[in-house]
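Right, I'll just put the structure down here and ask away after.
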Amino acid sequence: MIDIPGGALEILGRLNDAGYDAYVVGGCVRDSLRGIAPYDWDITTSATPDEMKEVFLGEKIIETGIKHGTLTIRSSAGEFFEVTTFRVDGEYKDGRHPENVEFVRDVEGDLARRDFTMNAIACDAEGNTEDPFGGEKDISNEVIRCVGDPDKRFGEDGLRILRALRFAAATGFAVEEKTRASIHRNAGLLSNISAERINSELTKLLLGDHAFDVLMEYKDIVTAIIPELAPSIGFEQNSVWHCYDVYEHIMRAVDAYKGDDACIKFALLLHDVGKPACYSVGPDGRGHFYGHVEESVRLAGPILDRLKFSNADKEKITELIRYHDIRVEPQDKSCRKALGKLGLELMEDLGHVKKADISAQSEYSRIREFDKVDEVLKIARKIASSGACLKLRDLAVGGDDLIEELGVAPGPVVGNILNELLKKVIEDQIPNERGALLECARDLYANGVPND
Ligand code: ATP
Ligand code: MG
């Protein structure tokens with residue numbers, strides 16, 4: 001049963017009263033039929049944008065995508081709905097955008113342009129569905145199937161390949177055989193697609209509850225987007241810590257994190273991308289990956305740039321990769337040092353990365369490692385809330401004190417002394433008290449500050 005909300009019913013009713021057909025359509029119908037609360041309700045109608053403007057004359061209308069027939073209309077309760085004229089897409093010359101769109105008067109024409117049968121169901125105000133491609137049956141059989149010929153549909157818009165995988169990752173539905181074969185045949189089409197569109201679908205894929213199976217089945221699609229991951233496929237690790245090849249370890253780690261932070265997902269996706277290039281075999285015959293963290297950071301930079309991440313997200317993902325192997329002991333001093341270097345927020349995020357990483361390793365000491373992450377975070381939270389001295393600004397002296405009290409010449413040496421003081425306070429060598437700090441600073445100034 002599709003429970004259309006009042007605001008959408010109001011807009012459908014107004015269009016119907018003016019003599020036009022109108023339906024809710026797409027994701028909201030699909031999700032309702034699956035028993036999931038829809039995120040938003042899209043409306044489709046036989047009215048052209050000009051006709052819609054007449055129906056809703058004098059009311060709040062935003063011309064969202066007028067060229068493609070989309071207006072955003074406000075209900076009387078103040079919610080906004082996207083309303084789009086029935087349309088068929090013109091020719092796709094570049095595998096990305098239709099050259100033009102043509103408005104049509106029947107809903108079936110509009111449904112035929114949609115990507116998958118489960119997304120091509122319309123529902124009117126009375127709750128009657130228009131379902132010319134058998135979407136309801138596919139939903140109950142848990143199948144993702146292209147509307148029409150898959151090769152043709154992926155050829156029109158290569159992003160649909162990734163959309164199929166993200167729906168599979170979100171729902172756990174199986175991709176129908178012809179659609180699946182066509183996806184593998186057409187992986188190359190993704191190279192025509194803009195990075196922004198890829199990023200948004202890939203993010204949803206990674207966040208999907210069933211992402212692991214998809215990432216394992218469609219390695220060709222993953223490496224079409226991120227070729228840097230190709231060497232990790234089948235790359236055995238030959239170590240007691242690991243029982244999977246690098247690719248499978250990575251994907252198990254991605255899957256093991258069940259939160260909704262996309263940066264953590266991408267950090268896991270790239271945390272070991274540098275491993276294959278760093279492999280060596282020790283005298284004991286075991287595999288090692290010395291330097292793989294730095295190599296993963298190095299490879300991640302251009303990948304994140306290519307996928308057009310914001311600077312803030314790029315920085316967060318890179319930091320998570322850079323410190324994913326950092327050793328912090330569940331002891332005060334070690335936690336304080338880590339807090340000073342990373343801050344609590346990054347440590348919390350790293351806790352998620354580490355746990356996901358550990359759960360994708362062999363069972364060798366898994367529980368002990370897991371408990372250690374929790375223990376470290378417990379101590380770190382306590383220290384952070386105790387107002388302990390962790391940063392330069394927490395020190396009981398500042399640069400001015402050194403210059404005025406000790407006659408230190410302004411310049412880089414001031415910062416060096418302060419950093420050294422902070423290190424000593426964090427390591428419990430001196431208390432964070434003005435007298436003790438000044439005395440230590442005097443000594444450092446006289447005898448030279450270590451410069452590291
Ligand atoms: P979500 O719940 O993530 O919003 P959705 O199915 O609503 O999922 P949208 O991207 O909002 O996805 O698209 C709305 C509808 O438009 C889809 O259900 C589908 O019918 C159609 N659609 C979207 N993108 C495409 C595409 N690239 N090719 C064909 N049809 C598409
Ligand atoms: Mg939607």
Side-chain angles (χ1 to χ4, degrees), residues 267 271 274 278 288-298 300-301 311-312 314-351 353-354 372-452:
H271 79 288
C278 298
H288 299 283
F289 296 95
Y290 299 118
H292 84 272
V293 172
E294 294 73 18
E295 181 64 5
S296 296
V297 167
R298 193 184 71 77
N311 285 339
K314 181 183 170 190
E315 190 174 329
K316 177 168 169 184
I317 296 166
T318 310
E319 294 286 88
L320 291 173
I321 300 172
R322 178 173 292 123
Y323 297 117
H324 82 263
D325 253 357
I326 194 173
R327 296 239 142 243
V328 186
E329 297 306 319
Q331 291 147 6
D332 246 31
K333 199 156 115 183
S334 179
C335 289
R336 235 175 315 151
K337 258 170 99 168
L339 269 174
K341 190 180 171 91
L342 309 168
L344 185 61
E345 203 179 323
L346 186 58
M347 280 186 79
E348 297 274 6
D349 290 340
L350 273 173
V353 170
K354 275 181 166 288
K372 198 166 131 184
V373 174
D374 284 334
E375 196 56 28
V376 162
L377 281 174
K378 219 161 91 187
I379 298 172
R381 286 183 201 124
K382 210 163 129 196
I383 296 172
S385 63
S386 74
C389 173
L390 300 167
K391 299 219 170 311
L392 284 182
R393 66 173 136 72
D394 303 329
L395 276 176
V397 298
D400 289 348
D401 298 314
L402 303 190
I403 295 164
E404 282 156 24
E405 301 267 332
L406 306 183
V408 176
V413 71
V414 177
N416 292 345
I417 294 176
L418 289 174
N419 276 315
E420 193 57 25
L421 292 177
L422 178 64
K423 206 160 111 194
K424 286 179 186 293
V425 170
I426 287 176
E427 291 186 2
D428 256 350
Q429 293 172 20
I430 45 170
N432 184 24
E433 287 160 11
R434 190 179 161 82
L437 291 170
L438 285 175
E439 193 182 320
C440 181
R442 184 176 294 117
D443 199 46
L444 285 167
Y445 190 48
N447 296 311
V449 195
N451 209 344
D452 58 351

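All residue numbers refer to positions in the sequence shown, counting from 1.
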Checklist entry - So which pairs with a foot in residues 378-387 pass side chain to side chain donor-acceptor pair (under 3.5 Å), sequence neighbours left out? => result Glu348-Arg381
Checklist outcome for this item: Minimal heavy-atom distance between His292 and His271, with the atoms involved, is CD2-O, 4.2 Å
Checklist entry - Any idea which heavy atoms bring Leu339 and Ala380 closest together, and the distance? => result CD1-O, 3.4 Å
Item to check | Contact summary for Met347 and Leu377, nearest pair of heavy atoms | outcome: O-CD2, 3.6 Å
Next on the checklist: Would Glu319 and Leu342 count as a side-chain contact (heavy atoms from CB on, under 4.5 Å) here? Give the steps.
Outcome noted: CA-CA 9 Å; Glu319 294 286 88; Leu342 309 168; 5.8 Å; no
Checklist entry - Residues two or more places apart in sequence or in another chain: which of them pass salt bridge (Lys or Arg N to Asp or Glu O under 4.0 Å) with Glu439? => result none
Checklist entry - Gln331 versus Ile379: any side-chain heavy-atom pair under 4.5 Å? => result no
Item to check | Any residue meeting salt bridge (Lys or Arg N to Asp or Glu O under 4.0 Å) with Glu315, in chain and number order, not counting sequence neighbours | outcome: none
Checklist entry - Val328 versus Val373: any side-chain heavy-atom pair under 4.5 Å? => result no
Next on the checklist: Test of understanding: with side chain to side chain contact (heavy atoms under 4.5 Å, CB included), list the residues that count as partners of Lys341, not counting sequence neighbours.
Outcome noted: Tyr323, Ile326
Checklist entry - Minimum heavy-atom separation for Ala409 to Val414, with atom names? => result O-CG2, 3.7 Å
Checklist outcome for this item: Residues at least two apart in sequence or cross-chain that pass side-chain hydrogen bond (donor to acceptor under 3.5 Å, both in side chains) with Asp349, listed by chain then number, are Lys316
Checklist outcome for this item: Applied to residues 373-402, the ring-ring contact (aromatic ring centres under 6.0 Å, His included) test, sequence neighbours excluded, yields none
Checklist entry - Taking C-beta and beyond as the side chain, do Asn416 and Leu444 meet within less than 4.5 Å on heavy atoms? => result no
Item to check | Over 12 non-hydrogen atoms of neighbours within 6.0 angstrom of NZ in Lys372 | outcome: yes
Next on the checklist: Using 30° and 60° as the class boundaries, would you call the ring planes of His288 and Tyr290 parallel, tilted or perpendicular?
Outcome noted: parallel
Item to check | Asn311: side-chain hydrogen bond (donor to acceptor under 3.5 Å, both in side chains) partners, not counting sequence neighbours | outcome: none
Next on the checklist: Among residues at least two apart in sequence or on other chains, which ones pass side chain to side chain contact (heavy atoms under 4.5 Å, CB included) with Val297?
Outcome noted: Thr318, Ile321, Arg322
Checklist entry - Going from CG on Leu344 to CG on Leu350, what distance comes out if it is rounded to the nearest 0.5 angstrom? => result 11.0 Å
Checklist outcome for this item: Taken to the nearest 0.5 Å, the spacing of Asn419 CG from Lys424 NZ works out to 12.5 Å
Next on the checklist: My understanding is that only residues two or more places apart in sequence, or in another chain, count here; which of them pass side chain to side chain contact (heavy atoms under 4.5 Å, CB included) with Ala441?
Outcome noted: Leu402, Leu406, Ile417, Leu421
Next on the checklist: My understanding is that only residues two or more places apart in sequence, or in another chain, count here; which of them pass side-chain hydrogen bond (donor to acceptor under 3.5 Å, both in side chains) with Glu433?
Outcome noted: none
Checklist entry - If every non-hydrogen atom of Asp325 is compared with every non-hydrogen atom of Lys354, which pair is closest and at what distance? => result C-NZ, 4.0 Å
Checklist outcome for this item: Of Lys333, Arg336, Lys337, the one forming a salt bridge (charged side-chain N to carboxylate O under 4.0 Å, His left out) with Asp428 is Arg336
Checklist entry - Could you walk me through whether Ile426 and Cys389 pass the side-chain contact (heavy atoms from CB on, under 4.5 Å) check? => result CA-CA 7 Å; Ile426 287 176; Cys389 173; 5.7 Å; no
Item to check | Inter- and intrachain pairs under ring-ring contact (aromatic ring centres under 6.0 Å, His included), touching residues 326-347, at least two apart | outcome: none
In a table with atom names and distances, give each donor-acceptor pair under 3.5 Å that connects a side chain of residues 390-401 to protein atoms at least two apart or in another chain.
unit_1, atom_1, unit_2, atom_2, d
Asp394, OD2, Leu390, N, 2.9
Asp394, OD2, Lys391, N, 2.9
Asp401, OD1, Arg434, NH1, 3.2
Asp401, OD2, Gly398, N, 2.7

Item to check | Non-hydrogen atoms of Ser334 and Glu329 that approach each other most closely | outcome: OG-N, 2.8 Å
